[in-house]
Number of protein chains: 2
Amino acid sequence: MPSPATLHDVAKLAGVSYQTVSRVVNRSPNVSTRTMEKVNRAIADLNYQPNRAARSLVTGKSNAIHVLAFDIHNLRTLPAMQHGAYSQGYQLRLSGFQRNEDAVRDLRACLRDIAASQVDGMLLILPWVLVTESELSDLMGKIPYVVVGSSLGYGTNAVLVDQREGMRMAAQHLLDLGHRRIAAIQGIEHYYDAQLRQETLEKVLRKNGLELVASERGLFEMVSGYEAALRLLANGPDFTALVCANDEMALGAIRAIKSQGLRVPQDVSVIGFDDLPFAIFSDPPLTTIRQDFNALGTLGLQHLLSLIRTPDIAPHQRLLYPELIVRESTATLTSPTIKGRS
Amino acid sequence: MPSPATLHDVAKLAGVSYQTVSRVVNRSPNVSTRTMEKVNRAIADLNYQPNRAARSLVTGKSNAIHVLAFDIHNLRTLPAMQHGAYSQGYQLRLSGFQRNEDAVRDLRACLRDIAASQVDGMLLILPWVLVTESELSDLMGKIPYVVVGSSLGYGTNAVLVDQREGMRMAAQHLLDLGHRRIAAIQGIEHYYDAQLRQETLEKVLRKNGLELVASERGLFEMVSGYEAALRLLANGPDFTALVCANDEMALGAIRAIKSQGLRVPQDVSVIGFDDLPFAIFSDPPLTTIRQDFNALGTLGLQHLLSLIRTPDIAPHQRLLYPELIVRESTATLTSPTIKGRS
DNA sequence: ATAAAGTGTGCGAAGGTTCTCTTAATGTGC
DNA sequence: GCACATTAAGAGAACCTTCGCACACTTTAT
């Protein structure tokens with residue numbers, strides 16, 4: 001078989017018009033059982049598959065969902081999205097781009113391109129605050145979209161984990177353990193999560209009459225956590241607990257702390273954020289805030305699908321709650337050395 | 001503007017025929033500079049974007065590459081593929097499926113569906129040996145494809161890292177350190193990498209007049225490495241070195257070893273495979289075999305592109321070489337306890 | 001028996017491109 | 001100033017599908 005079969009081929013074989021074949025394929029009710037059977041047999045014989053491009057041309061739909069993400073590298077929600085889309089009969093398309101000075105221009109170009117390919121909906125992963133709500137809305141035109149993992153405002157459909165609540169739990173956990181001298185390694189500037197986590201940490205401390213002892217910025221990956229921790233330690237370990245904006249940096253930080261002859265958690269308690277797979281196998285196992293990325297991905301896709309099917313739903317956000325996972329990298333404040341100082 | 005502009009809209013505005021606009025868009029040489037300018041201005045004014053579906057319908061191409069992968073969860077080659085595709089003007093589509101008893105049927109269904117959407121090429125990530133070379137070739141029809149990370153045979157275009165060489169280096173490293181009693185945690189049965197690594201390990205040992213002391217199977221993730229190590233240790237630590245089929249399992253194994261009051265590397269040397277980001281930050285930092293997943297992804301995409309552009313290239317494979325990264329989880333055999341036993 | 005409603009099927013058009021062919025306009029050489 | 005090659009641009013068909021409309025035929029209600 002050189003070129004794939006078309007509606008016409010099937011029609012000829014089944015002895016009906018090609019429109020009738022179309023009706024069978026699309027499960028139109030107005031077709032008799034007899035002809036349906038004939039047609040189905042012909043379809044099977046020819047191994048007919050509807051041409052997606054032609055279908056898309058006439059319907060203006062594509063049965064595809066586009067995932068646009070910054071930094072695909074740690075796109076932890078992707079598996080759930082893919083699985084959800086596939087099980088609902090949607091194709092998944094993917095594009096991502098880097099964090100650079102042209103990001104907004106890139107985003108614009110990307111969206112133009114995507115708009116031309118008639119996707120039915122988009123999932124946007126924009127950890128970085130780079131467009132306003134109304135800008136995005138303009139760029140997207142009439143394509144339904146859901147922002148996953150961050151929020152641009154109450155007018156945008158979004159699915160996210162309550163970062164404030166997560167950091168509140170982390171901070172409270174350390175306070176409950178008796179820590180008063182707390183330092184932080186925060187995430188990338190302008191990142192939505194990083195900002196919220198840092199803000200909330202400071203707020204909770206302030207409410208308890210405390211301030212951060214010190215704070216360094218990292219890039220959400222291990223090496224930067226290591227380096228940030230070394231910088232913090234350079235001034236002497238004048239803190240008993242270290243809050244890291246994610247698990248990767250926490251892992252780096254733990255290594256830095258150990259390298260200075262200090263112990264985790266006896267000398268410094270360390271808490272992470274995310275609960276990545278390696279967190280439980282770090283030494284010591286990492287206390288952290290779990291975010292359920294699978295749930296996030298699944299929920300994002302569901303939200304988008306409901307938007308596609310019922311376009312005039314009022315914009316709303318779906319919020320997931322994180323969970324404190326206490327392991328062994330945090331402990332009650334006991335070290336006499338540190339106690340003496342505080 | 002309710003509906004997006006078409007060739008006809010642009011043509012009307014520019015005062016030319018729509019075919020001329022098409023020529024401008026596709027950079028046909030036979031168009032005068034004057035009209036080209038007029039048309040380009042009109043395109044800009046109307047924010048015209050060619051309709052991909054219509055284009056795809058007539059050309060039979062889609063400017064899209066499909067990545068079909070088992071277990072998207074750890075698709076480390078994806079970022080490079082995405083980046084490569086994007087920079088070459090190709091869209092990336094993604095589908096993945098689970099490892100289950102219906103895998104072959106799923107694969108078949110997936111490929112049928114993909115064939116109908118006229119992708120220009122496919123990248124297949126099939127870590128699991130589940131179809132033969134000729135089966136795959138039949139399923140794919142005339143769509144160009146490259147298998148990434150595994151090899152089905154010499155007739156299939158593939159890009160991969162030399163697993164044998166990697167394991168050879170790992171084994172030799174341990175032998176050079178004086179280890180003679182070596183155990184292994186192997187990967188998932190039927191996985192291409194798992195098989196090759198295990199085979200090679202056994203072969204190298206045999207060549208040196210040795211045999212594996214023990215061997216347990218894991219599932220390529222941390223918990224299973226932990227459990228496999230515990231099983232190995234249950235018979236007493238009658239080995240001085242442990243080869244793990246990947247870093248995740250190595251991390252789990254290290255934890256298990258420590259939990260039994262043994263030290264890494266003093267009592268047991270542990271070596272991993274892959275060199276994932278966390279490997280350098282484990283405690284102790286993990287000696288491992290580095291695979292360059294970015295290079296693998298980039299090369300896979302390049303290979304596919306060259307296939308698309310020059311279809312009658314003879315099938316061939318591109319081989320990357322791994323690298324031994326010596327860190328602190330392996331050491332020379334010194335422990336007298338173990339020495340006494342051997 | 002007749003009109004109305006319902007069912008199954010065919011016909012033609014449309015959707016936005018690209019491709020081949022044809023025509024008009026321009027330029028070249030003697 | 002004429003035949004001829006070359007270049008620029010238009011005309012029409014084709015790609016494969018869905019959708020609205022019309023037609024024929026069967027059933028139901030009056």
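Every chain is numbered from 1, with letters handed out A, B, ... down the list of sequences. Just the heavy atoms: all of them, side chains too, but no hydrogens, waters or symmetry mates, feed the values below. The structure displayed is predicted, hence computed values, not measured ones.
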Where do S306(B) and R318(B) come nearest, in terms of heavy atoms and distance?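 Residues S306(B) and R318(B), closest heavy atoms: OG-NH2, 3.6 Å.
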
Compare every heavy atom of P144(B) with every heavy atom of D120(B), then report the nearest pair and how far apart it is.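 Smallest interatomic distance, heavy atoms only, reads O-CD, 3.2 Å.
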
Would you please confirm or rule out a distance under 4.0 Å between OP1 or OP2 of [N] and any side-chain N or O of [X]?
X      : N       : answer
N30(B) : dT7(D)  : no
T35(A) : dT9(C)  : yes
N26(B) : dT18(C) : yes
S32(A) : dT9(C)  : yes
T20(B) : dA9(D)  : no
S56(B) : dT17(C) : no
Y48(B) : dT17(C) : yes

Which nucleotide, [options], lies nearest any side-chain atom of [X]?
X      : options                   : value
P50(A) : dG10(D), dT17(D), dG10(C) : dT17(D)
N51(A) : dG15(C), dG10(D), dC16(D) : dC16(D)
S17(A) : dA11(D), dG10(C), dA9(D)  : dG10(C)
V58(A) : dG10(D), dT18(D), dC15(D) : dT18(D)

Mapping H8(B) and Q19(A) onto DNA chain C by nearest heavy atom, which one lands closer to the 5' end?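 Going by which nucleotide is closer to the 5' end, it is Q19(A).
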
Nearest-nucleotide comparison on DNA chain C, the residue closer to the 5′ end among V31(A) and T6(B):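 Result: V31(A).
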
Evaluate the criterion side-chain hydrogen bond (donor to acceptor under 3.5 Å, both in side chains) for residue pair Q291(A) and Q163(A); output intermediate values, then yes/no. CA-CA 9 Å; Q291(A) 303 196 70; Q163(A) 301 296 318; 3.0 Å; yes

Indicate, with a heavy-atom threshold strictly under 4.0 Å, whether [X] touches base, sugar-phosphate, or nothing.
X       : value
S22(A)  : base
Q118(A) : nothing
V25(B)  : nothing

In whole angstrom, give the distance that lies between atom [atom1] of [X] and atom [atom2] of [N].
X      : N       : atom1 : atom2 : value
Y18(A) : dC11(C) : OH    : C1'   : 7 Å
K38(B) : dG10(D) : NZ    : P     : 8 Å
D9(B)  : dG15(C) : CG    : C1'   : 13 Å
R55(B) : dT17(D) : CZ    : P     : 21 Å
R27(B) : dC19(C) : CZ    : P     : 15 Å
L46(A) : dC16(D) : CG    : P     : 14 Å
N63(A) : dT17(D) : CG    : C1'   : 14 Å
L57(A) : dT17(C) : CG    : P     : 9 Å

Mutual orientation of the aromatic rings belonging to F70(B) and W128(B) [parallel < 30°, tilted 30-60°, perpendicular > 60°]: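 If you compare the ring of F70(B) with that of W128(B), the planes turn out perpendicular.
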
Whether the side chain of R23(A) and the base of dG10(C) hold a donor-acceptor pair under 3.5 Å is what I'd like checked.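 In this structure, the two groups form a donor-acceptor pair.
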
Is it the case that the side chain of T20(B) and the backbone of V16(B) share a donor-acceptor pair, with hydrogens and angles ignored and the cut-off at 3.5 Å?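 Side chain of T20(B) to backbone of V16(B), a donor-acceptor pair under 3.5 Å: no, none is there.
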
Are S134(A) and S137(A) close enough, and set up right, to give a side-chain hydrogen bond (donor to acceptor under 3.5 Å, both in side chains), and what steps lead you there? CA-CA 5 Å; S134(A) 63; S137(A) 169; over 6 Å; no

